[in-house]
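What follows is one structure encoded as structure tokens, with my remarks underneath.
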Amino acid sequence: MSCYNMKRMINFLRVAAKGATLSFIAVASCLPAGCTGHAATQQAAGMSESSYDNPQNKAMNQKTIYLAGGCFWGTEHFLKLVPGVIATEVGYANSIVPNPSYKEVCTGRTDAAETVKVVYDADSVSLPFLLGLYFKTIDPTSLNRQGNDRGTQYRTGIYYTDPADKPVVDEALHELSLKYLDPIEVESMPLKNFYQAEDYHQDYLDNNPGGYCHLDPSLFALARNARDNSKKPAEKEPRFVKKSKEELKKELTPIQYEVTQNAATERPYTNEYNDEYRKGIYVDITTGEPLFLSTDKFESGCGWPAFSKPIDKSLLEEVNDTSHSLERTEVRSKLGDAHLGHVFPDGPRDKGGLRYCINSASLRFIPESDMDTEGYAEWLPLLK
């Protein structure tokens with residue numbers, strides 16, 4: 001037995017030792033060839049909406065979405081931490097076998113996907129925001145595999161019961177596809193059915209803090225601190241604002257002004273952040289708005305800071321650039337309308353395949369140790 005499967009066996013025995021009514025024979029029988037994962041009982045039950053039926057929830061604008069992201073232990077734990085999520089439950093979606101057990105799902109013959117039912121308050125968190133967080137937990141280009149888990153039951157998918165959710169999901173997947181060169185393998189369809197998983201699968205990581213999880217633990221901090229700003233009242237004074245050219249000419253150095261306002265290019269290799277490797281955040285020098293993370297910076301050999309992606313693609317504007325008899329894609333900050341650099345399709349494939357080649361002069365680097373005092377504490381979880 002591999003160390004990976006042994007770890008899962010140990011996790012199961014922890015549950016059994018707490019009173020689960022399974023024999024050792026049942027433990028062994030639930031691990032058919034090719035099925036790496038959680039042990040199973042024969043219990044299966046349909047999902048009941050009454051599980052979340054209480055006066056407090058009735059007062060909310062309650063909606064439901066079903067998300068499959070590989071092993072449902074970690075996916076559920078991540079989603080239940082998101083502010084605005086009312087409740088979660090793990091189960092098997094779109095099964096061709098009624099009421100399947102986990103043992104049956106592991107065979108791959110039920111066509112079921114390990115899925116998390118997410119009930120959320122739509123007045124506190126929007127579906128696009130939830131999907132954006134969910135996308136951070138998966139490799140959307142991987143088919144029937146997430147982390148160490150392989151099989152059709154570990155495929156990714158978004159299943160909805162409200163037809164009004166379809167265009168929202170379609171748009172989210174379209175935006176996601178723009179960040180990758182490889183095709184997106186996330187299913188999107190109306191939910192056919194959902195069967196509640198066995199009791200010991202529910203809230204698994206709460207009950208087994210040391211249990212197996214395919215997600216990076218830093219994602220849990222991200223979920224816990226996530227806030228959907230679209231659901232908050234607008235601030236009286238915007239935090240980041242575009243400044244006039246007159247103001248910028250007084251505040252910026254000559255090279256910073258020429259790069260951001262006149263699309264100049266600084267010298268390669270000798271610029272300020274080409275050799276910067278500390279953890280921290282890179283903000284627009286003209287507005288202070290966060291644009292890139294040190295965790296997405298890589299050495300490309302081009303002589304300028306290179307990033308595999310921005311913090312959020314909506315913060316940038318891409319413009320066709322035919323200057324110098326070249327065909328390139330210019331990158332500008334959307335709020336500040338500042339020239340940053342260019343984006344090329346020759347970045348690391350395992351990071352999305354893009355290389356954002358950015359002038360140091362268009363950025364200001366804030367080390368992790370200074371982010372709190374400088375007002376960027378809410379971005380700290382992204383660096384974990």
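For the pair K297 and Y277, the cation-pi criterion (under 6.0 Å, within 45° of the ring axis) is fulfilled.
Checked for salt-bridge contact, K80 and D203 meet the test: a charged N lies under 4.0 Å from a carboxylate O. Residues K242 and E247 are not paired through a salt bridge, judged by the lack of any N-O separation under 4.0 Å between the basic side chain and the carboxylate. Salt bridge annotation for D123-K231: absent, with no cationic side-chain nitrogen under 4.0 angstrom from a carboxylate oxygen.
Counting heavy atoms from C-beta outward, K192 and Y159 have side chains that stay 4.5 Å or more apart. Side-chain contact check for D284 versus L335: every heavy-atom pair is 4.5 Å or farther apart.
Counting heavy-atom neighbours within 6.0 Å of K166 NZ, excluding the residue itself, gives a total of 12 or less.
N94 and Y66 share no side-chain donor-acceptor pair at under 3.5 Å.
The two residues P100 and V97 make their nearest non-hydrogen contact at CD-O, 3.2 Å. Residue Y154 comes nearest to C71 through the heavy atom pair CD2-N, 3.7 Å, listed as atom of the first residue, atom of the second, then distance.
Ring pair F307/F292 is parallel by interplanar angle, where below 30° counts as parallel and above 60° as perpendicular.
Here the rule is side chain to side chain donor-acceptor pair (under 3.5 Å) with T88, and of K117, E76, Q202 only E76 fits it.
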